[in-house]
Number of protein chains: 2
Amino acid sequence: MRIQYTEGSLAQAVIRRFNALRPLSEEATATFEQAILEGLLRAGPGEDLAAEGDRVDGVRLVLSGWLFRHKTLEDGRRQIVNFVLPGEACDAYVYLLSTMDHSITTATPVVYAEIKKARFEKLLTSERTLAEAFMCETLVNDAIQREWATNLGRRVALERVAHLFCEIYERLRPVGLVDGNSCSFPVTQMDLADATGLSVVHLNRTIQELRASGLISLRERTLTINDLDALKNVAFYSPSYLQLYRRD
Amino acid sequence: MRIQYTEGSLAQAVIRRFNALRPLSEEATATFEQAILEGLLRAGPGEDLAAEGDRVDGVRLVLSGWLFRHKTLEDGRRQIVNFVLPGEACDAYVYLLSTMDHSITTATPVVYAEIKKARFEKLLTSERTLAEAFMCETLVNDAIQREWATNLGRRVALERVAHLFCEIYERLRPVGLVDGNSCSFPVTQMDLADATGLSVVHLNRTIQELRASGLISLRERTLTINDLDALKNVAFYSPSYLQLYRRD
DNA sequence: TCATCTCGTTAACTTAGTGAAATGCTGGAA
DNA sequence: TTCCAGCATTTCACTAAGTTAACGAGATGA
């Protein structure tokens, strides 16, 4: 995987996202960026960054690539409960709890930064707005989780898949990963089925239907949304939960 | 509704829960308790403590009674995404975001405490472990939300309802609201259907089935679990996500 | 070159869960 | 007492989604 960044820093996605959550001072940005660049790591596709039951002792921030959070029942049924996209945190504050309640696995090659607990806490203490930004990151994650519950509980297959596409698209946009009306969408239909609570067969049928209606195209790991408004209508999509627009 | 407290303070449920998340010093407990008792409020059943789109400017803690968090689609379909039980916080830190992404409505008469933002922040600054406890509260809430996604996406009706019963039971126990093998369960089948993503009709069938198998009884707003282990087996229940046992 | 794997796709068939509507129960309010 | 409202329950016809299985295309590797 070649990592492409038009504007300088590897940490761009994270900086952008956190700035959208809370405007950070230049100084805070610089301190944050340095902490990120000092903790750079890479993982190949299909690696676990954390597994259910693990203890976690730091914070990981995704610079590029996709991951997903998932839980598996004893008999093998799996639910992907969220994706972790560039700019987002894997596990802010999780070291406060005893163990992970879910697993985090890479879907693609991933570049991420690890900030150890001690450093992280120092960072939050010295930069108050950064602490608030991390808090917001956690709260938004929570809001997304609620929207997923609604998606899984009350939307039918077509709406559900459409909703997922809208959400991912809107989450990728602010970090600069939407190009025209397309974005990378590097997950298999099996993963997508596990994210939407459908069988692979029915997920496939549903995607066919969305394609046939001309709303989207999805091939070679690229999602193109031909008519975003129409797709949002199909999905009963209401975006405020992502908190993409700043307070005041 | 008569509020019964065998051991003194109204704030007992909250104190117990937060102490289970992080052991609080006596001093921290006292300061916290005072803040709670100074902000006491009551609400009748069916009242909104917050609605989607509202701004929230403080933290509410539930002393007694049940509430639920819910989201509604444009066409009226509703999903209850979680319950808020005695001892839990409605909206810790939410003032950091611009607006509520969901609504919070009382299911029963509720006694709660409101702590305004300024006071709340002062409290967290002066009592570090309390800040950590609030953070844990948020993280556990997040974990519950993930479990709900799994429940809605990958469990069939019987497992799903069984799982909800197990979870609520286990959440009520540490705050002292389980009596023998029974607890209050003050929600209608319509609410339960909206919480499990089922139709009322099918929810009813499912409850009949659980009753017929002798695992539970549910009548007059009281849930009795006759065989908790068996119910957990039916539900593929794995409790660690509630983080009920302290780290170290 | 052949064999194997993963992934997407399609078909045939089954089933879990839905929707609408009617019935009965219980507990206020008039 | 009577009436009504809210809630639980049941029935029945219907459908959205699951299951199983098979097939093809492309990638990978011996």
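All chains are named by letter (A, B, ...) in the order of the sequence lines, taking the proteins before the strands, and each is independently numbered beginning at 1. Given the structure is predicted, the values throughout are model-derived calculations rather than measurements.
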Exercise. With the threshold set at 4.0 Å, does a side-chain nitrogen-carboxylate oxygen contact exist between R55(A) and D57(A)?
Worked result: no
Taking only the side-chain nitrogens and oxygens of [X], find out if one of them lies under 4.0 Å from OP1 or OP2 of [N].
X       : N       : value
N204(B) : dA8(D)  : no
R211(B) : dT9(D)  : yes
R77(B)  : dG19(C) : no

Of the listed nucleotides ([options]), which one gets closest to any side-chain atom of [X]?
X       : options                  : value
Q208(B) : dT18(C), dT9(D), dG18(D) : dT9(D)
T188(B) : dA8(D), dA17(D), dG8(C)  : dA8(D)
V201(A) : dT10(C), dC7(C), dC7(D)  : dT10(C)

For this session: Spell out, as yes or no, whether a donor-acceptor pair under 3.5 Å connects the side chain of Q79(A) to the backbone of H70(A).
Result: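 A pair under 3.5 Å: no.
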Could you state the atom-to-atom distance from [atom1] of [X] to [atom2] of [N] in whole Å?
X       : N       : atom1 : atom2 : result
M190(A) : dT19(D) : CE    : P     : 14 Å
L203(B) : dA16(C) : CG    : C1'   : 14 Å
E220(A) : dA25(D) : CD    : P     : 16 Å
H202(A) : dT15(C) : NE2   : C1'   : 14 Å
R205(B) : dA20(C) : CZ    : P     : 15 Å
R221(B) : dG6(D)  : CZ    : P     : 14 Å
F185(B) : dA8(D)  : CZ    : P     : 12 Å

Exercise. Judged by modelled atom types alone, do D191(B) and T188(B) share a side-chain donor-acceptor pair under 3.5 Å?
Worked result: yes
Exercise. Roughly how far apart are Q12(B) CD and S64(B) OG, rounded to 0.5 Å?
Worked result: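 Going from the CD atom of Q12(B) to the OG atom of S64(B) covers 11.5 Å.
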Exercise. On DNA chain D, nearest-nucleotide positions of A157(A) versus V200(B): which is more 5'?
Worked result: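 Its nucleotide being nearer the 5' end, the pick is V200(B).
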Problem set entry | Along DNA chain C (nearest heavy atom to each residue), the more 5'-positioned of R154(A) and L218(A) | L218(A)
Problem set entry | Shortest non-hydrogen contact from T224(B) toward S182(B) | OG1-OG, 2.9 Å
Exercise. So what does L198(B) hit on the nucleic acid, given a heavy-atom distance under 4.0 Å: a base, only sugar-phosphate, or nothing?
Worked result: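 Touches sugar-phosphate only.
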